[in-house]
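Before any comments, here is the structure.
Order of the sequence lines sets the chain letters (A, B, ...), proteins ahead of strands, with each chain counted from 1.
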Protein chains: 2
Amino acid sequence: MKIDPDSTADFSAQIAQAIRDAIVSGDLIVDQRLPSEAELADQFAVSRPTVREALKRLAAQSLIRTQRGATGGAFVNRLRFEEAYDQQVTTSTLLLSMNSVSFDVACEARYALERACGPLAAQRRTPDQLATMRAEIHRQSQPGLTDEAFCASDVTLHRALVDGAGNKVLSYQLAGAVEAMHPLMNMITFTARSRERIVALHTALADALEAQDAATVDQTLVELESYTRELAHSVVTARAHQKTKNDPNRRKRTEPKESRSA
Amino acid sequence: MKIDPDSTADFSAQIAQAIRDAIVSGDLIVDQRLPSEAELADQFAVSRPTVREALKRLAAQSLIRTQRGATGGAFVNRLRFEEAYDQQVTTSTLLLSMNSVSFDVACEARYALERACGPLAAQRRTPDQLATMRAEIHRQSQPGLTDEAFCASDVTLHRALVDGAGNKVLSYQLAGAVEAMHPLMNMITFTARSRERIVALHTALADALEAQDAATVDQTLVELESYTRELAHSVVTARAHQKTKNDPNRRKRTEPKESRSA
DNA sequence: AGACATTAATATGTAAGACAAATGAAAATT
DNA sequence: AATTTTCATTTGTCTTACATATTAATGTCT
């Protein structure tokens with residue numbers, strides 16, 4: 001496990017990669033203790049701060065954990081589904097916002113993936129998951145609910161559907177797709193009538209799942225996708241009209257430089 | 001943007017989180033330059049090495065990039081699909097191996113997701129993607145091919161299918177599912193007869209895609225999944241027999257500790 | 001002898017200061 | 001005007017030091 005002093009990359013990046021490779025290849029196994037920072041510094045012939053930077057890179061990916069004290073050190077971390085979820089959600093969300101992915105593309109991906117879960121969920125959904133869906137549907141029909149809370153409830157319901165497939169890998173892979181839609185959905189204003197329609201579709205979905213009727217689950221998801229996209233389009237066109245009305249000669253967006261919260 | 005000196009977490013983790021939040025919330029926008037390390041150290045009232053550890057954490061997630069020199073510094077990085085792919089593949093692979101996910105569960109997830117791409121791919125596949133699939137099918141029918149190369153070709157073919165859906169978000173989400181199967185697939189020994197069968201199914205898949213026949217695409221994927229699982233099962237049972245034959249009184253599996261490839 | 005407090009050792013966490021190297025901009029020179 | 005030189009800025013790295021957490025060993029008292 002060595003580094004190349006001629007490489008253009010930082011030492012800390014190279015060291016991190018070397019350790020990462022050792023973990024991925026199985027050279028370092030879960031819960032195994034890495035050499036102390038001082039020893040690693042010796043081995044790689046760099047200073048301790050440089051080693052620390054490398055270790056922090058790995059910690060950021062949840063590949064290692066550190067512990068202070070006499071028997072402490074850096075240990076290979078067992079990557080858990082929950083941690084992986086969080087990373088996936090953050091990455092997916094940023095990916096969508098930074099590459100200005102359209103609502104349609106994201107929506108298509110999300111529903112294509114959810115429909116993949118449909119047949120499995122119809123087969124395996126637990127009473128618990130059905131109860132979660134019913135509870136969220138009930139919440140969604142409350143009149144005083146904010147748009148944001150409505151969206152959050154929507155995400156919870158859809159995650160229950162995904163979890164219904166009873167496949168942790170599937171749940172993990174879809175976490176990003178479902179959650180990353182959240183910010184995009186938040187731009188929609190849900191009128192009372194549109195909420196009514198969505199609640200009706202959600203109810204149909206829950207009913208079909210309860211009846212283990214895969215075909216209806218799939219059909220309902222198709223309708224839900226189509227209606228969601230319809231809603232988003234009406235928002236976009238409405239906003240476009242408003243913009244040209246309010247500020248027809250607005251400057252082209254170059255550097256907003258908005259104030260940062262302290 | 002402050003940190004809590006009473007928190008149990010490291011300063012560097014807190015600072016990283018604060019900056020991460022600023023990026024996710026849109027407070028810091030793409031290509032915006034962060035204050036220099038010295039300024040950040042002042043702002044957060046910590047030393048420069050601590051700030052650097054925080055920045056390296058963010059760099060490990062591709063959230064920032066750094067540049068040396070007079071006009072250098074740390075900049076908010078535009079997260080690209082390609083970088084996100086890689087991270088997803090690493091994370092997914094480790095997730096599967098560290099949580100000893102069964103072949104069946106991973107395989108089910110993979111094919112459920114690929115079938116989600118089927119209808120879209122049947123509609124949108126480009127001549128280029130079809131050509132890639134044909135080329136890989138040809139490679140797979142070469143007699144001298146190692147099992148590892150056969151697997152790698154399989155992955156390429158399946159990625160072409162996924163990309164055929166013409167949805168970058170979908171391609172990104174599925175990268176992990178497809179690639180993470182690679183190590184598991186590598187445990188299978190592909191006999192000449194099984195390769196023949198797989199090549200036939202791959203050909204049927206390519207034909208159906210070319211004919212834009214979504215139903216056949218779906219059916220072929222179902223058959224491919226069933227055959228893959230069948231293959232894996234035969235390998236598992238064969239291995240089990242061999243083990244009991246070689247070492248009938250072996251201890252119950254607690255810590256396999258099998259030989260690791262260098 | 002056993003329970004408890006003290007001490008020591010080891011590790012990570014943090015700080016401070018210094019120098020090297022890269023890089024772009026300004027200044028000086030041709 | 002074009003080119004070269006100088007210089008200021010910023011990250012990358014090293015060294016040393018101390019703070020703090022944690023465990024193990026030691027010692028003391030009952």
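Residue B:Thr66 places none of its side-chain N or O atoms closer than 4.0 Å to OP1 or OP2 of D:dT10.
Checking A:Val76, A:Ile29, A:Val30 one by one against A:Ile23, the side chain to side chain contact (heavy atoms under 4.5 Å, CB included) holds for a single residue, A:Val76.
Checked by atom type, the side-chain pair B:Thr126/B:Gln129 shows a donor-acceptor distance below 3.5 Å.
Closest contact between the side chain of A:Thr71 and the listed nucleotides C:dG24, C:dA11, D:dA24 involves D:dA24.
Interface remark: the A:Arg68 side chain does form a donor-acceptor pair with the D:dT20 base, using a distance-only criterion of under 3.5 Å.
Across all non-hydrogen atoms, the minimal contact from B:Ala177 to A:Gln173 is N-NE2, 3.3 Å.
Distance, A:Gln67 CD to D:dA21 P: 14 Å, rounded to whole Å. Across the protein-nucleic acid pair, B:Phe75 atom CZ and D:dT9 atom C1' stand 12 Å apart, rounded to whole Å. Regarding B:Ile64, its CD1 atom lies at a distance of 14 Å from the C1' atom of D:dT10, rounded to whole Å.
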Under 3.5 Å, which protein N or O atoms sit close to an N or O of nucleotides 14-17 of chain C? Give each pair with its distance.
from, atom 1, to, atom 2, distance (Å)
C:dT14, OP1, B:Phe11, N, 2.9
C:dT14, O4, A:Arg48, NH2, 3.4
C:dA15, OP2, B:Ser47, N, 2.8
C:dA15, OP2, B:Ser47, OG, 3.1
C:dA15, OP2, B:Thr50, OG1, 3.0

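Among the protein residues, B:Arg65 comes within range of no part of the nucleic acid, since none of its heavy atoms lies under 4.0 Å from any strand.
Counting only distance, with no hydrogens or angles, the side chain of B:Asn77 and the backbone of B:Ser62 share a donor-acceptor pair below 3.5 Å.
Ring geometry for A:Tyr172 versus A:Tyr85: interplanar angle under 30°, hence parallel rather than tilted (30 to 60°).
Contact check on A:Arg124 versus B:Glu108 returns a salt bridge, with a Lys/Arg side-chain nitrogen under 4.0 Å from an Asp/Glu carboxylate oxygen.
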